[in-house]
**Student:** 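Okay, here's the structure, questions in a sec.
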Amino acid sequence: MSSAVSPPEGSSPRYNFRETEAKWQKAWEERQTFRAVMEKGRPKYYVLEMFPYPSGRIHMGHVRNYTQGDVIARYKRAKGFNVLHPMGWDAFGLPAENAAMEKKVHPKKWTYENIATMKAQLKSMGLSLDWSRELATCDPTYYRHQQKMFLDFWKAGLAYRKEAWVNWDPVDNTVLANEQVIEGRGWRTGAPVERRKLTQWNLKITHFADELLERLDTLDRWPEKVRLMQANWIGKSRGARVFFSLASPEKDWGKLEIFTTRPDTLYGASFMALSIDHPVVTELAQNDPNLQRFIAECRKTGTAAAELETAEKQGYKLPLQALHPLLPGKTLPVYAANFVLMEYGSGAIFGCPGHDERDHEFAVKYGLPILPVVMPKDADPKTFSVADAAFTDDGVIINSDFLNGLPVDEAKARIIARLEEMGVGKGTTQYRLRDWLVSRQRYWGCPIPAIHCESCGVVPVPEKDLPVELPDDVEFDRPGNPLDRHPTWKHVACPRCGKPARRETDTFDTFIDSSWYFDRFTSPHLATAPFDREENQYWMPVDQYIGGVEHAILHLLYSRFWTRAMREVQMTSRDEPFDGLFTQGMVCHETYRASDGSWLLPEEVERAGGKVVRISDKSPVEVGRSEKMSKSKKNVVDPDQIIHDYGADTARWFMLSDSPPERDLEWTEAGVTGAWRFQQRLFRIATEALEGLPPVGAPRPASFTDAAIALRRAAHKTVAGLSADIEAFHFNKAVARLYELANAIGGGTPKDDSHRWARREALEIFVRLIGPMTPHLAEELWQALGHKTMLAEEPWPTAEPALLVDDTVTVAVQLNGKLRGTLQLAKDAPKDVAEATALALPEIVRALDGKTPKRVVVVPNRIVNVVA
RNA sequence: GCCCCCGUGGCGGAAUUGGUAGACGCGCCUGACUCAAAAUCAGGUUUCCUCACGGAAGUGUUGGUUCGAGUCCGACCGGGGGCACCA
């Protein structure tokens, strides 16, 4: 919405934010105020916001994220911590290649130009960053260490190649990891993924599945929600592996392994089902055209996740019989079925239709027996039936030989013990988590340091040959991976036998780049290793990490894995990279649609006489609900424009006001102008209130008038409250407190010396408190107050404890729980005094009408409740 | 379908964890300044009844626990997020 109140150039803004912000940014830079240097013995604090992808320009989400981080960084610095607050670039990725195809710019050029633009934008925000540690993941001095670590992991068995069905994104032309497929679609492109069978590099994240899950409990400074999402993703389930003998007339098929979480229902088994990708099915299909047709049919629906939900259970009866391991002579039919996944468990199940909904549906369709083996505790076994629906709750076991009468949990334990005794099964734990597929068929990423040799197989690139650098001379004239068709790059001698061989042309998933950048920040220029152990030991872990919740699983889980993989190869002894995590909400804006249905930018629209119209032709505009700012819906506001029009401090202040930081924030013009007006008002209050005040460092008066004490109390309480708010990420409450203090300082003229002294004290406190939020204005006012030091280097004010407690308190008086009046009492007045005073209140006397109350509840300093 | 979170004025949101609901801001209303507007300053602003004093109701709905419930418990309604043939 074009602003009716764009900052009126001529309307007496006495605070010139443009000059002032530039002035202080220059001063901080010249003094290297925010440069971090290890000082052993001094407490450190590592504040990190998720580093940006250099897409071209920063957006409001960045502004919000970095403002929050900067508040913490500046606050912790003032509290005396040695603060590390670095910034870098998540610089590899597909948009650079897309730009290369569309605009004929080389990805490297495009990326570095974007970095330059965005760096200037970030600098205009006045962030307290140590730019000397800046890094870009596309720089060979960065990724060489990544290649080295990968080789170490490979040697340690944490990296391997495997042929498997993988998710293929047909738009980006590359494979994706499981985590990167959301509802059957690529996380970046939104295109339905296809299944392809390929040999790809994987990292063995499953090796740490249990640890990654268990350690979540100790991450008590992480949002509960994120921990829960990771726990669900890892998906631990306890159960049993059970072996069924497979028999067919022609051949002995040996044992069939299945996984189940319900071994207690084994006596209710009525069929077996195998994945269409199960080796047994594959073998049978070779001579069975009908089975081949069935498999092909399943594959068709197998891709789109939305269809899976409604897809009917399909089975194909195989010419096999399974022998029940506990019931001699009992055989079960064996099916290939579309609902059994090869990737989970062993790709085979036993079907118990009585107690599993999927199995029930399948059994009904194919007319298989449905036998109840569990029933609710107090049900009648004669009438209890599972013919209509599976019973999946807890209960007692029936029809199950030695398990009869047991509760489910105990039955599970007993039957596992029995299966183990008989050698036909084993208690086991299964995870949903799969290994991390890291190959990408793309150019703009870190090359995988491997060489394929016809005689030696896959050979690691020798360490002396690192880094394997990307070639610059590539063409993007057609789809596919330019590395693959490069005339010379991939041809190389085998490091083992010397014969002609070829390089791996896949590059790493860019989530690898971001899995250790926080470690690299601890010694960003070291050439010989990813980081210096001592520096790393000092700065890590990240004390406060801040970013979007969209990385709850992807980036955060990968980073936790990478940290453990580094531990495994003795690079660190650390388990977890991020001690504290905060996930900020999105920045939203209303959406606007013209009469022809096209989206309009907020700046193309204005409010006129209660209606919203398009500025160009005054045609009506349909206002849609507020949604996350996105280019496609054009509901975006450019941070540059806001900073130019209103200043960085206004943008920062608005980002912190009103909305709790973890929730979505609605960007409104009214809110911005409100924030802007407050900056102006602060400047006015501070400079006007300054007149007649004692100078810096004036001696403290021996006594204070009531007005002076009231102001001092307000100021000191704000110090205590604000510190707590910032520590708890309650920035919106912190802002509210600052408004209150501004109101307390702003009114009236002090009448005596002690009040004038108190006003200076309050002003100084105020200016220090706004330092983390609006640093430029704060520096300017600090100077105006007569200080020669730099506020960014000043300590946080301390509250005098005596001023934090009041001598009198307001106590509410209730009659039967309803408020009837209030009392002013001395703090901690005895209960009987409070009771007597309350009972003497005219309202209470009138209501009691001479009778004695049934009961009087007194909560000291809070409430007196008279029950009549 | 399963798991989790959230429902408070016209709006964004507060409420020391069971103790005066609506802090603070936005918006709106009234007044001051101004020829006028903008900006600024002062006051008001949950709803209903009352000229007022004052009173009644009120935190999605509904029932409960309690001297006392936005806060705790049960059921339901609505919104958001995560996972999803995971055996």
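Just so it is clear, the structure is predicted and the values come from calculations on it, not from any experiment. Heavy atoms only: backbone and side chains are in, while hydrogens, waters and symmetry mates are out.
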**Student:** Taking a pair as Watson-Crick or G-U wobble with both distances under 3.5 Å, which nucleotide is matched to C83(B)?
**Tutor:**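 Because both required distances fall under 3.5 Å, C83(B) counts as paired with G1(B).
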
**Student:** On RNA chain B, compare the nucleotides closest to Glu666(A) and Lys225(A); which residue's is nearer the 5' end?
**Tutor:**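 Between the two, 5'-proximity favours Glu666(A).
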
**Student:** Between G13(B), A87(B), C67(B), spot the one nearest the side chain of Ile349(A), thanks.
**Tutor:**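 The answer is A87(B), which lies nearest to the side chain.
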
**Student:** Mind calculating the distance between CD (Gln430(A)) and C1' (C86(B)) to the nearest angstrom?
**Tutor:**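 Going from Gln430(A) (CD) to C86(B) (C1'), I get 8 Å.
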
**Student:** Syn or anti for G22(B), given that syn means the glycosidic angle lies within 90° of 0?
**Tutor:**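 Judged by the O4'-C1' to base torsion, G22(B) sits in anti, the angle falling more than 90° away from 0.
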
**Student:** Let me have the donor-acceptor pairs involving side chains of residues 734-741 of chain A, under 3.5 Å, with sequence neighbours excluded, atom names and distances please.
**Tutor:**
residue   : atom : partner   : partner atom : Å
Arg737(A) : NE   : Asp725(A) : OD2          : 2.5
Arg737(A) : NH2  : Asp725(A) : OD2          : 3.4
Tyr739(A) : OH   : Trp653(A) : NE1          : 3.2

**Student:** Does Ile349(A) reach the side chain of Phe259(A), with side-chain heavy atoms less than 4.5 Å apart?
**Tutor:**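 SC-SC contact between Ile349(A) and Phe259(A) ruled out.
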
**Student:** Between G10(B) and C83(B), how many Å separate the two C1' atoms, rounded to a whole number?
**Tutor:**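 Rounded to whole Å, the distance is 38 Å.
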
**Student:** For Lys717(A), enumerate each residue passing the salt bridge (charged side-chain N to carboxylate O under 4.0 Å, His left out) test, keeping only those at least two apart in sequence or located in another chain.
**Tutor:**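 Once residues adjacent in sequence are excluded, the partners of Lys717(A) under the salt bridge (charged side-chain N to carboxylate O under 4.0 Å, His left out) criterion are Asp806(A).
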
**Student:** Among residues at least two apart in sequence or on other chains, which ones pass side-chain contact (heavy atoms from CB on, under 4.5 Å) with Ser723(A)?
**Tutor:**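 Applying side-chain contact (heavy atoms from CB on, under 4.5 Å) to Ser723(A) gives Tyr75(A), Val719(A), Trp796(A).
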
**Student:** Check residues 818-831 of chain A and write down every donor-acceptor pair under 3.5 Å in which the side-chain atom is one partner and the other belongs to a residue at least two apart or another chain.
**Tutor:**
residue   : atom : partner   : partner atom : Å
Gln824(A) : NE2  : Thr810(A) : OG1          : 2.9
Asp828(A) : OD1  : Asn861(A) : ND2          : 2.8

**Student:** Ring centroids only, cut at 6.0 angstrom: are Phe654(A) and Trp667(A) within range, meaning strictly under it?
**Tutor:**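 Aromatic pair counts; centres sit under 6.0 Å.
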
**Student:** A56(B) pairs with which nucleotide, Watson-Crick or G-U wobble, both distances below 3.5 Å?
**Tutor:**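 Partner of A56(B): U47(B).
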
**Student:** Rounded to whole angstrom units, what separation is found between the NE2 atom of His730(A) and the P atom of G12(B)?
**Tutor:**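 Interatomic distance, NE2 of His730(A) to P of G12(B): 19 Å.
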
**Student:** Along nucleotides 71-76 of chain B, 5' to 3', which nucleotides get a B, which get an S, and which get a -, given that the test is a protein heavy-atom distance under 4.0 Å?
**Tutor:** ------

**Student:** Let me spell it out: for each of Trp233(A) and Phe350(A), pick the nucleotide of RNA chain B with the closest heavy atom. Which residue's pick is nearer the 5' end?
**Tutor:**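 On the 5' side of the pair lies Trp233(A).
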
**Student:** Between C85(B) atom P and Asn338(A) atom CG, what is the distance in whole Å?
**Tutor:**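 Result: 12 Å.
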
**Student:** Between the base of C83(B) and the side chain of Asn232(A), is there a donor and acceptor pair under 3.5 angstrom?
**Tutor:**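 Answer no: no donor N or O sits under 3.5 Å from an acceptor.
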
**Student:** Check nucleotides 21-27 of chain B for protein N or O atoms closer than 3.5 Å to its own N or O atoms and list the pairs.
**Tutor:**
residue : atom : partner   : partner atom : Å
A23(B)  : O2'  : Glu740(A) : OE2          : 3.0
G25(B)  : OP1  : Asn743(A) : ND2          : 3.4

**Student:** Side chains of Arg560(A) and Leu219(A): closer than 4.5 Å at any heavy-atom pair?
**Tutor:**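 Yes - at least one pair of side-chain heavy atoms lies under 4.5 Å apart.
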
**Student:** Both distances under 3.5 Å, Watson-Crick or G-U wobble: report the partner of C11(B), or none.
**Tutor:**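 Answer to the pairing question: G25(B), which forms a Watson-Crick or G-U pair with C11(B).
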
**Student:** Using 30° and 60° as the class boundaries, would you call the ring planes of Phe244(A) and His324(A) parallel, tilted or perpendicular?
**Tutor:**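 Judged by the thresholds at 30° and 60°, the geometry between Phe244(A) and His324(A) is perpendicular.
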
**Student:** Among all residues two or more places apart in sequence or in another chain, which pass the side-chain contact (heavy atoms from CB on, under 4.5 Å) test with Ala710(A)?
**Tutor:**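 Here no residue qualifies.
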
**Student:** Is the terminal nitrogen or CZ of Lys255(A) (NZ for Lys, CZ for Arg) located under 6.0 angstrom from the six-membered ring centre of Phe243(A) and within 45° of that ring's axis?
**Tutor:**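 Verdict for Phe243(A): no cation-pi partner in Lys255(A).
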
**Student:** Could you tell me which nucleotide pairs with A42(B) by Watson-Crick or G-U wobble geometry, both distances under 3.5 Å, or answer none if nothing does?
**Tutor:**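 The base-pairing partner of A42(B), which may sit in any strand shown, is U30(B).
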
**Student:** Would you list the protein and nucleotides 53-58 of chain B atom pairs, both N or O, that sit under 3.5 Å from each other?
**Tutor:**
residue : atom : partner   : partner atom : Å
A57(B)  : OP2  : Lys818(A) : NZ           : 3.3

**Student:** Once you round it to whole Å, what is the distance between C1' of C3(B) and CD1 of Ile553(A)?
**Tutor:**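 The distance from CD1 of Ile553(A) to C1' of C3(B) comes to 13 Å, rounded to the nearest Å.
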
**Student:** Would you call the rings of Tyr366(A) and Phe362(A) parallel, tilted or perpendicular if under 30° counts as parallel and over 60° as perpendicular?
**Tutor:**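 The rings of Tyr366(A) and Phe362(A) sit tilted, inter-plane angle from 30° to 60°.
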
**Student:** List in chain and number order the residues that pass side-chain contact (heavy atoms from CB on, under 4.5 Å) with Val623(A), two or more places apart in sequence or in another chain; answer none if no residue qualifies.
**Tutor:**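 Val623(A) satisfies side-chain contact (heavy atoms from CB on, under 4.5 Å) with Glu590(A), Tyr592(A), Val612(A) once adjacent residues are dropped.
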
**Student:** If I take atom CZ in residue Arg227(A) and atom P in nucleotide C5(B), what distance separates them, rounded to the nearest angstrom?
**Tutor:**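 Rounding to the nearest Å, CZ of Arg227(A) and P of C5(B) are 13 Å apart.
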
**Student:** Using the test side-chain contact (heavy atoms from CB on, under 4.5 Å), find all partners of Leu803(A) that sit at least two apart in sequence or belong to another chain.
**Tutor:**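 Partners of Leu803(A) under the side-chain contact (heavy atoms from CB on, under 4.5 Å) test: Arg712(A), Arg713(A), His716(A), Glu800(A).
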
**Student:** Listed in order of residue number, which residues of residues 256-273 of chain A have a non-hydrogen atom at under 4.0 Å from RNA chain B?
**Tutor:**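 Listed by number, they are Phe259(A), Thr260(A), Thr261(A), Arg262(A).
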
**Student:** Round to a whole Å and report the spacing from CZ of Phe678(A) to P of U40(B).
**Tutor:**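 Nearest whole value for this atom pair: 13 Å.
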
**Student:** Under the salt bridge (charged side-chain N to carboxylate O under 4.0 Å, His left out) criterion, do Arg227(A) and Glu224(A) qualify, and how do the steps go?
**Tutor:** CA-CA 5 Å; Arg227(A) 292 191 280 169; Glu224(A) 188 58 47; 3.0 Å; yes

**Student:** Compare the minimum distances between each of U20(B), A14(B), C67(B) and the side chain of Arg663(A), then state the nucleotide with the smallest one.
**Tutor:**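 Nucleotide nearest to Arg663(A)'s side chain: A14(B).
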
**Student:** Which base sits across from G68(B) as a Watson-Crick or G-U pair, both distances under 3.5 Å?
**Tutor:**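 WC or wobble partner does not exist here.
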
**Student:** Which listed nucleotide (U20(B), G19(B), C85(B)) is nearest to the side chain of Arg358(A)?
**Tutor:**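 Per side-chain heavy atoms of Arg358(A), the pick is C85(B).
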
**Student:** Arg432(A): which residues meet the salt bridge (charged side-chain N to carboxylate O under 4.0 Å, His left out) condition with it, sequence neighbours left out?
**Tutor:**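 Listed in chain order: nothing, the list is empty.
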
**Student:** Find the distance Ile863(A):CD1 to U20(B):C1' and express it as a whole number of Å.
**Tutor:**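 My rounded result for the distance is 7 Å.
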
**Student:** Is any side-chain N or O of Lys313(A) under 3.5 Å from a base N or O of C85(B), one able to act as donor and the other as acceptor?
**Tutor:**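 Such a pair is found, so the answer is yes.
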
**Student:** Check the distance between C86(B)'s P and Tyr344(A)'s OH and give it to me in whole angstrom.
**Tutor:**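 Value for this atom pair: 9 Å.
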
